[in-house]
Structure formats: structure tokens, C-alpha cells
Amino acid sequence: MMKLLPWRCTTSEAHGTFFSKISNIAPYLFLTNMSRRFLFHSQSNQEEDIFDPPFSLASNTLRTQKPKKKQKEEKKHEKDQSFTVNSELPFDYRYSYSETNPAVKPIGFREPTRFSPFGPGRIDRKWTGISAPSVKPVDLEKVAEERRWVHGEPLTEEETAELVEKFRHNDCSRQMNLGRGGVTHNMLEDIHNYWKRAEAVRIKCLGVPTLDMDNVCSHLEDKSGGKVIYRHINILLLYRGRNYDPKSRPTVPVMLWKPLAPIYPRLVKNVADGLTFEETKAMRNKGLNAPPLTKLSRNGVYVNVVNKVRGAFETEEVVRLDCTHVGTSDCKRIGVKLRV
């Protein structure tokens, strides 16, 4: 076999001689290099901590480094948590001011009261499920004096006519729509944003709030601090005042979501007050068979409905309104306003 493969013998002998020569030197080289590195590393640790990449763990470096996105999100979260608005407005915060009655207390809630629609830690008030009541006592005389100073001298007839001609048309760019929610809290912030660039804002009212326009005007003037200078059916012009300064305007915290409406007592009882069950049933049958006084449309203008109902009550005992195209929630609100 060795004769057939002579090259294998020569190569094995060559390798044997090569490794036999290096085996006598390699241990000394290995020991001397390791000893030099160990001595150098021990001296550097005593004098100064030098970063040595070959002896550093890659896992530790990866754990200490954080992505930039996570760092930005953490900073943003900390900023949101630390941001708190010192609310100084002299009234309790509600979702809707014109469509709620503070005297009527609910019998239950559809969501926990600990969840404030303003967000966690955004205002210095506690949410009760209906409103965020003011913490500090309100000086009404001081508030009235500040508003008189902001309004300044009353507008002349010429100035009023000029503003009305400028903002009363349908193509006005400074217009806000007031819907079924009425005068809401976030609407106050929108009004002040409009007042930055214009002296007045045009408000178009639709739906249930138009049943009582006096209530809408009073809440707009009271909550925003402006003054209604024009009113025609469902169109209003809200004036900011002569001395209004956008830089020193009040801070209005914004609601981040619409809170669920609480549970109130039933509007329609099985037996009406002062009547028996049979009398109540007879009155309902009479009203169902009576012709409708008027037909209400969804998000319509109901300015003349109250006067029509009052006129019909002079001759009729029961009045029927056709609310086929009106939502259930709107029907309840209409019933509450007509009952009052």
C-alpha cells in the first residue's frame, strides 16, 4: 500500500516534522503573549478604565441602547402627564350647557366616573360623571367688571349694520354650526379661535336647540363672554368686544371624547300625574287618532313649534306632533323642552 501511494508517506512525514518543531516553541509563545496581555490589562485597570472591544459583551451594549422612537414616545408621555391646565373659567364644565339641566340628577351612569373626558391629569378639576365643578369660589362682580371692560363702549348703529352686512350672508367664511348638542364645551374654544381673525362669528342653529333660542343666546353670552348683536330665526352673530385681546383670552381645556349620557328618570310615565290609568289611556288614544299639528324634520328649524303648540292648547286638549323622521333621542329632548 505504501508503494502504491508514496506521496502520502512523504506528506505525513513532512507534517510530523513540522509539528514536532513547533510543539517545542508554541507553549512558550502562548504563555508569554498571555502573560503580557494579562499584565497590561491589570495595569490599565488600576490606572484607567479603558474600553477593550475584544473583551466586551455585545449583549450588554445592546441592552443599554434604546431606539429613538421609544425615547420620543416616553418623553411625549411624560410631557402629557405633566401638562395640567389651571382652569379659571367661572362655571362648571359640561359637555352641553344649553341641553342639560343641573337641577335634574341622574339615577345611574353608563361609564365609570373616574374616566374624565378631558384626559388623565389634564385639568385641576374632578369629573363627577356629569360635569367638572369649579374648585375656587367665583367672584361674580369681578367677572362682570372684566367683561364690561372687554366689551367697551356699545356699538353704534352704523357699526352694527356694517358687521351684520358682513357676516349675515350664507357665503360667510366665519360660520359655525350649532347642532343637536347645543352649546357644547369644545364650541367655546372654536369661538375664541374665530375671534382671533374676526370681530364676530356667525352661528347657524339647527335641530332641537332651536326650540328655545333665548336659552341658546344666554348660554353663548355667559360662557364665551361675547354679545349677540344680531338674531334672525336661527342665525346669530356673536360679537367679541372692542378691547378683546386674543393673547390674553381665557384658556379653555378641550374634551378629548364625548362622554356617554347618564341615565335619567323616564320621561313618559305609565300613569300621568293627576289622572287615573283609564283616563291616561283614553287621552293617549285620543292623541293618536288626532291629526298632526305639524311635521318635524331631522335637524330642522323648530323656532315656531312652541307658539303653535300654545295656540293649539287654547282649543284642543291633546296635541299631536309628527316626529316620524326624527331620531328617538331628539324626540325625548323635544318632549322635555315642550313639557317645561
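Using a 4.0 Å cut-off between charged nitrogen and carboxylate oxygen, E199 and R174 do not count as a salt-bridge pair. A salt bridge links R147 with D222: the distance from a Lys NZ or Arg NE/NH1/NH2 to an Asp or Glu carboxylate oxygen falls below 4.0 Å. With salt bridges taken as basic N to acidic carboxylate O contacts below 4.0 Å, one links D273 and K269.
Counting only heavy atoms from C-beta outward, the side chains of L206 and L178 never approach each other to under 4.5 Å. For the pair S134 and R125, the minimum side-chain heavy-atom distance is below 4.5 Å. The side-chain heavy atoms of I130 and P106, taken from C-beta on, include a pair separated by under 4.5 Å. Within the 4.5 Å cutoff, the side chain of T128 has no heavy atoms near those of the T113 side chain. Proximity of P117 to L256: side-chain heavy atoms (C-beta onward) are nowhere separated by under 4.5 Å. The closest side-chain heavy-atom distance from N243 to W149 is below 4.5 Å.
Screening E279, E317, E316 for a salt bridge (Lys or Arg N to Asp or Glu O under 4.0 Å) with K286, the sole residue that qualifies is E317. Under the side chain to side chain donor-acceptor pair (under 3.5 Å) rule, Y244 has a single partner from K196, H151, R249, H192, which is H192.
Considering CD of E145 and CZ of R148, their distance stands at 6.0 Å, rounded to 0.5 Å. Here OH of Y93 is found 11.5 Å from OG of S131. Values are rounded to the nearest 0.5 Å. The OG1 atom of T280 sits 11.0 Å away from atom CG of N285, with the distance rounded to the nearest 0.5 Å. The distance from atom CG of L267 to atom SG of C331, rounded to the nearest 0.5 Å, is 10.5 Å. A distance of 4.0 Å separates CG of L260 from CD of E111, quoted to the nearest 0.5 Å. Taking CE of M255 as the reference point, atom CZ of R94 lies at 10.0 Å (rounded to 0.5 Å).
Residue V138 shares its hydrophobic cluster (ILVMFWY side chains chained together at separations under 4.5 Å) with L140, V143. When hydrophobic side chains of Ile, Leu, Val, Met, Phe, Trp and Tyr are connected at separations under 4.5 Å, V326 ends up clustered with V208, L211, L293, L296, Y302, V305, V306, V309, F313, V319, L321, I334, L338.
When only modelled atom types and interatomic distance are considered, T184 and N186 share no side-chain donor-acceptor pair under 3.5 Å.
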Verify salt bridge (charged side-chain N to carboxylate O under 4.0 Å, His left out) between R242 and E159, making sure each step is shown before the conclusion. CA-CA 11 Å; R242 293 182 182 273; E159 292 175 342; 2.6 Å; yes

Please test N170 against R202 for side chain to side chain donor-acceptor pair (under 3.5 Å), starting from the C-alpha separation and ending with a verdict. CA-CA 9 Å; N170 291 330; R202 184 178 189 263; 2.9 Å; yes

Run R333 and E99 through salt bridge (charged side-chain N to carboxylate O under 4.0 Å, His left out) and show every step you take. CA-CA 8 Å; R333 295 175 182 177; E99 304 305 308; 5.7 Å; no

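Every residue two or more places apart in sequence or in another chain that forms a side chain to side chain contact (heavy atoms under 4.5 Å, CB included) with C217 is listed here: V228, R231, L236.
Residues L163 and W195 are members of separate hydrophobic clusters, defined by side-chain heavy-atom contacts under 4.5 angstrom among Ile, Leu, Val, Met, Phe, Trp and Tyr. No continuous path of hydrophobic side-chain contacts links Y239 to L220 [ILVMFWY only; heavy atoms under 4.5 Å]. By the criterion of side-chain heavy atoms lying less than 4.5 angstrom apart, applied directly or through intervening Ile, Leu, Val, Met, Phe, Trp or Tyr residues, V201 is not grouped with Y230; the two fall into different hydrophobic clusters. Residues F91 and Y95 fall within the same hydrophobic cluster, defined by Ile, Leu, Val, Met, Phe, Trp and Tyr side chains chained together at heavy-atom separations under 4.5 Å. Cluster annotation: M187 is connected to Y194 through the hydrophobic network of ILVMFWY side chains, with a link wherever side-chain heavy atoms come within less than 4.5 Å.
By the 30° and 60° cut-offs, the orientation of the rings of Y97 relative to H185 is tilted.
Atom CZ of R284 is surrounded by more than 12 heavy atoms from other residues, nucleotides or ligands within 6.0 Å. Within 6.0 Å of the CD atom in E146, the count of heavy atoms belonging to other residues, nucleotides or ligands exceeds 12. Atom NZ of K204 is surrounded by 12 or fewer heavy atoms from other residues, nucleotides or ligands within 6.0 Å. The 12-atom threshold is exceeded at NZ of K223, counting heavy atoms of other residues, nucleotides or ligands nearer than 6.0 Å. Other residues, nucleotides and ligands place more than 12 heavy atoms under 6.0 Å from the CD atom of E165.
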